[in-house]
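Heads up, the thing below is written out as structure tokens.
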Amino acid sequence: MSRAFFLPLFVTTVVLAQSDDTGTAHKAAATALLNSNNTGAARLACPATIGPAPTANSPAGPGRAGGPPGGRGAAKGGGRATPPKENWYAEGGQVFDNLYMLTTKTNSAWAVKTSQGIILIDTLFGYAAQDAIVDGLKKVGLDPADIKYIIVSHAHGDHDGAVKFLQDTYKPRIIMGPKDWELSAREADPPRHDIEATDGQKLTLGDTTVTIYITPGHTAGTLSVLVPVKDHGQPHVAMEWGGTALSGGTSKEMLESYISNAKRLKDISDGLGADVIIGNHTEYNDALNRLERTKARKAGEPNPWIVGKGEVDKYLTVVEECAKSWLAIGNGRP
Ligand SMILES: [Zn+2]
């Protein structure tokens with residue numbers, strides 16, 4: 001009986017909170033949805049503290065490991081001293097029949113295996129290219145020479161740092177959002193301009209079609225992707241929200257874009273039946289721990305990456321509410 005009373009009350013509370021368009025209310029709406037599938041994403045997308053002055057939340061403050069959003073690129077791998085390997089190295093691994101996580105402690109890239117080669121999503125910092133991408137692929141039985149496409153979620157150094165090296169070495173085609181090609185052109189050693197992504201672009205390689213959406217907010221040309229995956233032959237769809245971190249320095253225009261694109265991607269993900277969340281920072285959905293659980297998985301146990309459509313929706317709602325929180329604060333409604 002008590003459960004029957006509790007549930008409608010809870011729903012009513014959330015609806016009321018959302019109708020209250022303040023930074024505090026939107027952050028509370030995000031907070032109400034937090035779990036291990038999305039807490040890290042909220043940590044980078046939501047205001048760390050809610051207060052009247054957005055400047056109190058410095059983009060370079062603690063916990064803003066995603067690099068300064070809003071167009072200013074994070075330092076390139078080649079542009080700063082390479083940290084000692086033990087500080088960043090993490091072992092990757094297979095998470096689906098056709099999907100492999102190539103990772104450092106903080107960032108992840110994804111290799112989609114198709115019948116005609118590899119689609120790589122993101123490339124990590126340049127210093128991780130050899131150990132995490134090249135040797136990482138070999139360790140899972142894949143050949144880096146088979147990389148045919150690289151989709152770059154956005155032109156910050158923790159995701160595009162190794163693009164130039166991989167482009168020069170293996171000659172894959174590179175796909176980036178048009179605005180992020182402009183961003184990458186300002187790098188010290190930029191990749192050669194290649195394919196400009198279009199919204200809703202279907203990239204087919206062999207037996208696999210990945211769909212790309214332009215979802216500006218974290219950068220002006222951020223790409224989000226939907227990837228068909230298989231778990232012991234059973235089809236599922238993985239969703240990656242390509243740019244997550246926000247700060248007091250993110251412009252109103254970018255926040256509005258972030259909000260509308262998060263909403264849009266929810267509808268798209270729902271339509272495609274997305275039930276798996278992947279990300280490009282390991283903390284978004286506790287990815288390193290999830291990878292370890294995947295490696296320890298016994299026959300008959302569920303795949304830890306399959307979280308269900310409701311959790312994909314929740315993930316995007318959390319980041320949307322975080323952006324709404326920043327926007328309300330920026331509009332003087334803390
Ligand atoms: Zn970034």
Side-chain angles (χ1 to χ4, degrees), residues 38 40-48 57-80 88 102-110 120-128 132 150-164 174-188 190-191 197 212-225 239-251 253-255 257-259 261-262 265 277-285 287 315-316 318-319 322-323 326:
N38 57 41
R43 205 173 293 137
L44 285 175
C46 257
N57 300 287
S58 163
R64 301 281 145 192
R72 289 183 298 134
K76 298 290 126 180
R80 72 177 177 194
W88 59 264
L102 306 171
T103 195
T104 65
K105 284 178 178 162
T106 55
N107 291 104
S108 27
W110 300 90
L120 187 65
I121 302 168
D122 282 343
T123 68
L124 312 173
F125 275 116
Y127 58 71
I150 298 176
I151 300 169
V152 180
S153 65
H154 64 276
H156 284 166
D158 47 346
H159 312 294
D160 76 350
V163 170
K164 178 65 161 51
I174 313 294
I175 303 174
M176 235 190 282
K179 291 284 184 190
D180 278 37
W181 273 116
E182 292 174 21
L183 202 58
S184 81
R186 288 181 235 143
E187 293 167 6
I212 302 167
Y213 294 91
I214 302 180
T215 55
H218 177 70
T219 65
T222 294
L223 303 181
S224 294
V225 291
M239 181 282 298
E240 175 171 325
W241 178 239
T244 303
L246 299 171
S247 76
T250 309
S251 72
E253 181 193 14
M254 292 284 269
L255 288 169
S257 172
Y258 190 106
I259 291 162
N261 279 295
L265 203 67
I277 299 164
I278 57 174
N280 49 23
H281 282 251
T282 55
E283 75 171 292
Y284 292 163
N285 65 340
Y315 184 95
L316 290 167
V318 165
V319 295
C322 290
W326 278 118

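For the numbers below, each heavy atom of this structure counts, side chains included, while hydrogens, waters and symmetry mates do not. Start at 1 and go down the list; that is how both ligands and their atoms are numbered. For the single chain, residues carry numbers from 1 onward in sequence order.
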For the Zn ion (ligand 1), the closest N/O/S atom belonging to His156: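 The Zn ion (ligand 1) is closest to the His156 atom ND1, counting only N, O or S.
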Could you pull out the atom name of the N/O/S atom in His218 that is nearest the Zn ion (ligand 1)?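 The Zn ion (ligand 1) is closest to the His218 atom NE2, counting only N, O or S.
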For Trp88 and Tyr127, take the angle between the two ring planes, folded into 0 to 90°, and tell me which bin it lands in: parallel under 30, tilted 30 to 60, perpendicular over 60.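 It falls in the tilted class, 30° to 60°.
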Applying side chain to side chain contact (heavy atoms under 4.5 Å, CB included), name anything that partners Ala162, two or more places apart in sequence or on another chain.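 For Ala162 the side chain to side chain contact (heavy atoms under 4.5 Å, CB included) partners, ignoring immediate neighbours, are Thr123, Ala129, Leu166.
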Is the Zn ion (ligand 1) less than 2.8 Å from at least one N/O/S atom of His154?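 A backbone or side-chain N, O or S atom of His154 is under 2.8 Å from the Zn ion (ligand 1).
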Would you call Thr282 and Asn107 a side-chain contact if the rule is heavy atoms closer than 4.5 Å?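 Contact flag for Thr282/Asn107 side chains = no.
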Does Trp241 have its ring centroid less than 6.0 Å away from the ring centroid of Tyr258?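 Yes, ring centres under 6.0 Å apart.
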